[in-house]
Amino acid sequence: VTRKERLTEIILAADARAAPDVDLASRMPQFIGLADNPGPVLRGLRVAVIGVGSVGGRIALHLARAQVAELILCDRSCFKKESLLTQPMLPEAICELKAGYIGRLCKLISPGTRILVFDGPFEELDAVALAEVDVVFLATDNLAVEVAVGQACKNLGKVLNHASVHGETLVAQVRCFGNTHDDGPCPACGFGADEWRHLHEQTAFKCELTEDGRPVQEIKVQPTVSVSFLCSMAADLAVLQMFRQVLKLGQPVADTLLEYSGFTHRTAPSPLKRNPECPCDHQVWKRMQPPRPLAACGLAELADAAGIANPSFLVDELAFVETASCPCGAKVEVQQFAPVDGPIASCQRCWNGLYADTFKSHRPVAARIAADVLDRPLKDIGAAEARWVVVRNDDRAALFTGPSALAGEGQGGPPPPPPPPPSPVQGEGENGR
Ligand SMILES: [Zn+2]
Ligand SMILES: [Zn+2]
């Protein structure tokens with residue numbers, strides 16, 4: 001397991017030719033059924049786009065033109081010369097990393113938008129990187145990323161719009177996941193035997209290493225075989241769905257599939273349902289404020305506050321370590337939280353690194369294993385810097401966040417922001433709450 005990565009903010013060079021102040025209202029239609037100008041809602045919106053290639057890149061550019069408050073862009077790959085055929089880029093960007101390039105374009109179009117990028121795999125981002133966004137877009141052909149993003153959005157209760165294309169049949173699809181309750185669908189609910197086999201093959205290759213520690217076989221994610229206009233249509237439909245979600249236009253689109261077929265010119269919406277066979281975690285974590293600053297709270301206190309019995313705990317990116325040992329043979333009792341990789345302390349005998357014992361290191365940790373430390377404040381058990389804690393059992397889960405749980409802040413960042421305003425996103429039932 002690698003250390004989790006933070007997002008990097010795009011800052012334009014002083015001589016960049018960024019857009020002047022443009023009034024969003026000057027081209028914004030007065031949508032039917034909407035009393036107010038949509039500007040304030042759009043300008044307050046924080047959105048993440050996972051995968052910024054032929055579909056996701058265009059989604060990001062649309063969002064920049066809507067002057068949203070914040071855009072998080074994540075993609076691990078760079079543009080190739082073939083990208084010119086389907087992706088929203090110029091030849092100058094060949095060999096450039098996609099997230100950084102699209103991020104800079106978005107920043108030039110909308111300098112007022114805060115843009116955070118990660119040029120790496122979504123799985124390496126902080127588990128709560130999406131905690132403060134309102135809407136997530138997923139536009140990738142990588143099944144492992146689909147599962148990971150679906151799971152993160154489900155846990156964090158985030159609206160997820162999954163856009164995809166099927167070139168051979170001229171089909172563009174958008175799946176909207178409301179993620180308001182545990183019984184709703186996730187992207188993996190729709191996987192068939194082929195997808196699961198594919199995914200297992202990908203993960204198997206990833207774990208098999210050669211002698212010098214490189215993957216036996218590079219994971220080959222097939223490039224999107226499609227045409228430029230079909231990719232942009234999927235992006236357009238996905239952003240259209242988001243406008244309906246955040247401005248509450250027309251019928252709710254939560255947990256629906258919207259499909260356009262170019263051979264029949266039919267557009268068919270249909271409901272998405274949870275697949276009872278889906279092996280993914282469908283638990284929606286309830287957001288809660290800790291009763292006191294997180295570092296001063298004990299785990300038992302948090303479980304009480306959430307009313308969750310027989311819980312287990314996820315404490316930031318930390319593992320609970322019972323014992324650790326050193327190659328010299330020294331073994332020590334730890335009973336504290338510690339980072340999942342690297343040495344957790346120095347050996348008192350030889351001063352080399354002490355490493356957590358694999359089978360005595362837990363993430364999540366069950367209450368009975370951490371029983372001795374449940375009443376001690378987090379700051380005294382190795383978790384002084386913890387930004388968030390999840391308390392869960394099979395039935396319920398709560399996510400406690402401290403004031404500095406936001407992604408992209410970095411060390412010594414700005415002062416803690418005020419609590420987020422109520423999400424403008426529409427879900428099912430009572431206004432998406
Ligand atoms: Zn599922
Ligand atoms: Zn030692």
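Here the structure is a predicted model, which is why all the values come from computation and not from measurement. Counting starts at 1 for both ligands and their atoms, in listed order.
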Item checked: Donor-acceptor contact present, side-chain D357 to main-chain F359, <3.5 Å -> no
Item checked: Passing option when E132 is tested against R287, R387, K158 for salt bridge (charged side-chain N to carboxylate O under 4.0 Å, His left out) ->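 For E132, the salt bridge (charged side-chain N to carboxylate O under 4.0 Å, His left out) test succeeds with only one of R287, R387, K158, which is R287.
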Check: With the Zn ion (ligand 1) at the center, what angle do SG from C278 and SG from C189 span, rounded to 10 degrees?
Finding: 110°
Checklist line | Vertex the Zn ion (ligand 1), arms to H282 NE2 and C186 SG, rounded to 10° | finding: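 Here the angle at the metal atom is close to 100°, to 10°.
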Next item on the list: Quick one: sort the W285 and W388 rings into parallel, tilted or perpendicular, breaks at 30° and 60°.
Entry: parallel
Checklist line | Three-point angle C350:SG, the Zn ion (ligand 2), C328:SG, rounded to the nearest 10° | finding: 120°
Next item on the list: Considering only NZ, NE, NH1 and NH2 on the basic side and carboxylate oxygens on the acidic side, decide whether D236 and R58 come within less than 4.0 Å.
Entry: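 Salt bridge between D236 and R58, a charged N being under 4.0 Å from a carboxylate O: no.
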Next item on the list: Answer yes or no for C280: is there an N/O/S atom below the 2.8 Å cut-off from the Zn ion (ligand 1)?
Entry: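 C280 does not place any N, O or S atom closer than 2.8 Å to the Zn ion (ligand 1).
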